[in-house]
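Keep in mind that what you see is a predicted model, and the values were worked out from it rather than measured.
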Amino acid sequence: QVQLAESGGGLVQAGASLRLSCTASRRLSTNNGMGWFRQTPGKEREIVAHISWNGGSTYYADPVKGRFTISRNRASGTLFLQMDNLKPEDTAVYYCASARRAYGSSDRGAYNYWGPGTQVTVSS
């Protein structure tokens with residue numbers, strides 16, 4: 001069983017930056033896509049960004065396009081989410097996930113491993 005763990009969340013002011021990281025309890029296959037999701041109370045978990053197995057293909061949800069950057073270090077097996085120009089509406093618990101296949105997806109069902117989440121709070 002693989003366990004994912006997110007880090008890097010916190011409380012920041014609007015306009016600030018944060019960098020989230022996701023590591024695994026054991027080395028994940030570098031042939032799998034990965035993704036970042038976020039969730040606020042009372043709402044469904046939504047896609048933020050996903051990345052293919054080699055980093056060559058990325059996707060961003062409209063609300064974060066131009067502000068967030070997803071990347072991965074295949075050598076270390078670490079996934080990152082650079083979040084710039086944060087807005088109060090970005091406040092959520094952020095989750096990383098490992099996909100079943102080589103490419104990420106906006107579909108939560110495409111992922112078989114999830115981290116416990118890290119809180120990001122952006123004050124106005």
* If you measure from CZ on Phe80 to CD1 on Ile51, what distance do you get to the nearest 0.5 Å? -> 10.5 Å

* Structure fact -> Quick note, ring pair (Phe, Tyr, Trp, His ring centres under 6.0 Å) partners involving residues 56-78, not counting sequence neighbours, are His50-Tyr59

* **From Gln119 atom CD to Arg38 atom CZ, the distance as rounded to the nearest 0.5 Å** => 12.0 Å

* Asked: Would you call Ser71 and Gln82 a side-chain contact if the rule is heavy atoms closer than 4.5 Å?
  -> no

* Taking the side chain as every heavy atom from C-beta outward, state whether Trp53 and Asn32 have any atom pair closer than 4.5 Å. => no

* Asked: With a 4.5 Å heavy-atom cut-off, do Asp90 and Met83 have their side chains touching?
  -> no

* Asked: Has the side chain of Ser52 got a donor or acceptor atom that lies under 3.5 Å from a matching backbone atom of Ser57?
  -> yes

* **Reported OG1-to-CE distance for the pair Thr78 and Met34, which is rounded to 0.5 angstrom** => 9.0 Å

* **Side-chain ion pair, Lys65 and Asp62, N-O less than 4.0 Å** => yes

* Inter-residue atom distance Ser124.OG - Lys87.NZ, 0.5 Å rounding -> 13.5 Å

* **Same apolar cluster: Tyr95 and Tyr111, side chain cutoff 4.5 Å** => yes

* To do: Spell out, yes or no, whether Val93 and Trp36 are grouped together once hydrophobic residues are joined by side-chain heavy atoms under 4.5 Å, including indirect joins.
  => no

* Any side-chain heavy atom of Ile70 sitting closer than 4.5 Å to one from Leu79? -> yes

* Asked: For Ala92 and Thr40, which heavy atoms make the closest approach, and how far apart are they?
  -> CB-CG2, 3.6 Å

* To do: With sequence neighbours excluded, give me every salt bridge (Lys or Arg N to Asp or Glu O under 4.0 Å) pair touching residues 96-111.
  => Glu44-Arg108

I'd like a table of donor-acceptor pairs (distance under 3.5 Å, sequence neighbours excluded) in which one partner is a side-chain atom from residues 15-24, with atom names and distances.
from  : atom 1 : to    : atom 2 : distance (Å)
Ser17 : OG     : Asp84 : OD1    : 2.8

* To the nearest 0.5 Å, how far apart are CG in Leu4 and CH2 in Trp114? -> 10.0 Å

* Specify the closest pair of heavy atoms between Gly117 and Glu6, including all atoms of both residues, with the distance to one decimal. => N-OE1, 2.8 Å

* Asked: So with a 6.0 Å cut-off around CD of Glu89, is the heavy-atom count from everything else above 12?
  -> yes

* Check whether any side-chain N or O of Thr118 sits under 3.5 Å from a backbone N or O of Gly8 as a donor-acceptor pair, and report yes or no. => no

* To do: Report whether Leu81 and Ile47 are members of the same hydrophobic cluster (ILVMFWY, side-chain heavy atoms less than 4.5 Å apart, transitive linking).
  => no

